[in-house]
Structures are given as structure tokens and as C-alpha cells.
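Okay, structure first, notes after.
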Amino acid sequence: MARTSQAHLDARRRQILDGARRAFTLNGFHATSMQDVLREVDLSAGAVYRYFRGKEEIIAAIAMETLGDVRTAFDAVLAADPTPPLDEILGRVLWQVGSTGEPGEARARARLILQVWSETLRNAELAAALERGFTEMAGAWQGLVESYQRSGRIRADIPAEQVARTLLGLVQGYLSQQALFDEVTPEVFQNGLRALMSAGAANVQ
């Protein structure tokens, strides 16, 4: 019997996660049953359980992918040479994370992300996994902030870790506003950060 290729396995796993995302976005995690997920992905229970033991594992996989999207966007921005200012980095990351796709898709994605975050309040395993991912992400942003401080592009008397957490907080705040209110553009947060960064140099009339 021919062995199933890795490409096929990856595509099937992708099919399950994409279908589960659609189902969860429509009705939420707790109102969505595994039967709902199976109908959405159009696969048998056996096919789905080959990849995930249940709904909790699917939710965890979606959570980690969400965090990975932020990291991928951040890494892509860092590849730019020269490295752009912090406000521009934030704008590019927000654009890649939450502003792509069809109209309304960004808000649906943001709402799913908020569901993931709230799920960590009742799921200790998911909370631990998300915390590990957040710590890794904060470390990457901290390294960027330290490089800006060494070059004199931002003030160096504030711990880089605190600046990094603030930048991540802006990403989280952007996604929260997208989910709860009318879609907000990355330019809003980018311009706001630019104004705050220039506050010390502004002339007060």
C-alpha cells in the first residue's frame, strides 16, 4: 500500500483547521460541537481524529497559529534594510496580522483571536502554551528595542522589556478594537504611536 505523502497530510490538517476556524467564528468555541466542525470540513470523524483528539486540541492549534501569524509578520518586517522606525514596524505588523483578506474577514479573524484569549482563562494547558509563545515573541521585540536604544533612535533609560511589552500591547489592543468595534486601520495605531514618540520633542504653544 502506498504511503500517504507529507504534503497530503499537511493539506488535510490545513483543511481541518480552516473549517474549524469558520465554524468557531460563526458560533464561538462552546456553541460549536465536533459534529459542527465535521460538517464544516466535510470529513469523517475518523479522518479528523487522526489529526486531533478533540475540539480542545483544535482550539490549541488555532491559538498557536494565531501567535505564529504575529511572529511571521514581525520577522518579515525585520527583513527590511534599513530597519524602519518603530511606528512603521508596528503599522506593517498590524497590516499583515489583521488587515488582509476579503471585506469583513479581518474582523472575523480578530473576533476569533479574542475567543482564543478568553479560552485561556479556563484552559490551563492552552494558557501555558500561549504564555510560552508570548514570552518568545516579547523576547524578539525586546531585541529589536535594544538595537534601537543602542543606535540612539529611542531613549535608553526605559527597560527594553517594558517597551517590548507595550508594543505587543498595541498589537493586542488593535485586534481587540477590530473585533469589538468598526474595523480600525493600522494607520490609526501607527499614527498614534508616532505622535507619542514625538511627544518629548513637541513644541508646546
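These numbers were taken from a predicted model, which means no experiment stands behind them.
Rounded to the nearest 0.5 Å, atoms CD (Glu119) and CG (Leu121) are 8.5 Å apart. Rounded to the nearest 0.5 Å, atoms NE2 (His8) and CZ (Arg12) are 4.5 Å apart. For the atom pair CG (Leu43) and CD (Gln15), the distance works out to 4.5 Å, reported to the nearest 0.5 Å. Separating the CD1 atom in Ile89 from the CG atom in Leu144 is a distance of 4.5 Å, to the nearest 0.5 Å. Here the CH2-CZ distance, from Trp95 to Phe189, works out to 15.0 Å after rounding to the nearest 0.5 Å. Atom CZ of Arg111 is separated from atom CG of Leu26 by 11.0 Å, given to the nearest 0.5 angstrom.
When every heavy atom of Val48 is checked against every heavy atom of Leu38, the shortest pair comes out as CG2-CD2, 3.3 Å. Shown here for Ile154 and Val145, the closest heavy-atom pair between the two residues is CD1-CG1, 3.8 Å. Nearest heavy-atom pair across Gln115 and Gly28 is OE1-CA, 3.0 Å. Heavy atoms only, all atoms of each residue included: Leu130 and Ala63 are closest at CD1-O, 4.0 Å. When all heavy atoms of Val41 and Ala20 are compared, the closest pair comes out as CG1-N, 4.1 Å. In terms of heavy-atom proximity, Leu17 sits nearest to Glu65 at CD1-OE2, 3.4 Å.
Partners of Asn191 under the side-chain contact (heavy atoms from CB on, under 4.5 Å) rule, at least two apart in sequence or in another chain, are Glu187, Arg194. Residues forming a side chain to side chain donor-acceptor pair (under 3.5 Å) with Arg22 (at least two apart in sequence, or on another chain): Glu40. Take Arg53 and apply the side chain to side chain donor-acceptor pair (under 3.5 Å) test, not counting sequence neighbours, and it matches Glu57. Among residues two or more places apart in sequence or in another chain, the side chain to side chain donor-acceptor pair (under 3.5 Å) test is passed with Glu136 by Arg71. For Arg155, the side-chain contact (heavy atoms from CB on, under 4.5 Å) partners at least two apart in sequence or on another chain are Asp157, Ile158.
No more than 12 heavy atoms of other residues, nucleotides or ligands shown are found within 6.0 angstrom of CG on Asp42. Few gaps surround CD on Glu56; more than 12 heavy atoms of other groups in view lie less than 6.0 Å from it.
At least one donor-acceptor pair closer than 3.5 Å links the side chain of Arg107 to the backbone N or O of Phe181.
With a 4.5 Å cut-off on side-chain heavy atoms, Leu9 and Arg50 count as touching. Using a 4.5 Å heavy-atom threshold, the side chains of Arg21 and Leu112 count as touching. No side-chain heavy atom of Gln178 sits less than 4.5 Å from a side-chain heavy atom of Ile113. Considering only heavy atoms from C-beta on, Gln190 stays 4.5 Å or farther from Leu90 through its side chain.
Residue pairs that meet the ring pair (Phe, Tyr, Trp, His ring centres under 6.0 Å) test with at least one member in residues 29-63, sequence neighbours left out, are Phe24-Phe29.
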Under the side-chain contact (heavy atoms from CB on, under 4.5 Å) rule, what do Leu170 and Leu94 come out as? Steps first, then yes or no, please.
CA-CA 9 Å; Leu170 288 173; Leu94 294 182; over 6 Å; no
Under the side-chain contact (heavy atoms from CB on, under 4.5 Å) criterion, do Glu131 and Thr120 qualify, and how do the steps go?
CA-CA 10 Å; Glu131 183 176 0; Thr120 63; over 6 Å; no
Give the C-alpha distance, both sets of side-chain angles, the deciding distance and a yes or no for side-chain contact (heavy atoms from CB on, under 4.5 Å) between Met137 and Val171.
CA-CA 12 Å; Met137 177 69 63; Val171 176; over 6 Å; no
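Between the side chains of Arg165 and Gln162, no donor-acceptor pair of N or O atoms lies under 3.5 Å. A donor atom on one side chain and an acceptor atom on the other are found under 3.5 Å apart for Gln142 and Glu146.
Ion pairing of Asp36 with Arg39 is present here, as a side-chain N (NZ or NE/NH1/NH2) and a carboxylate O approach within less than 4.0 Å.
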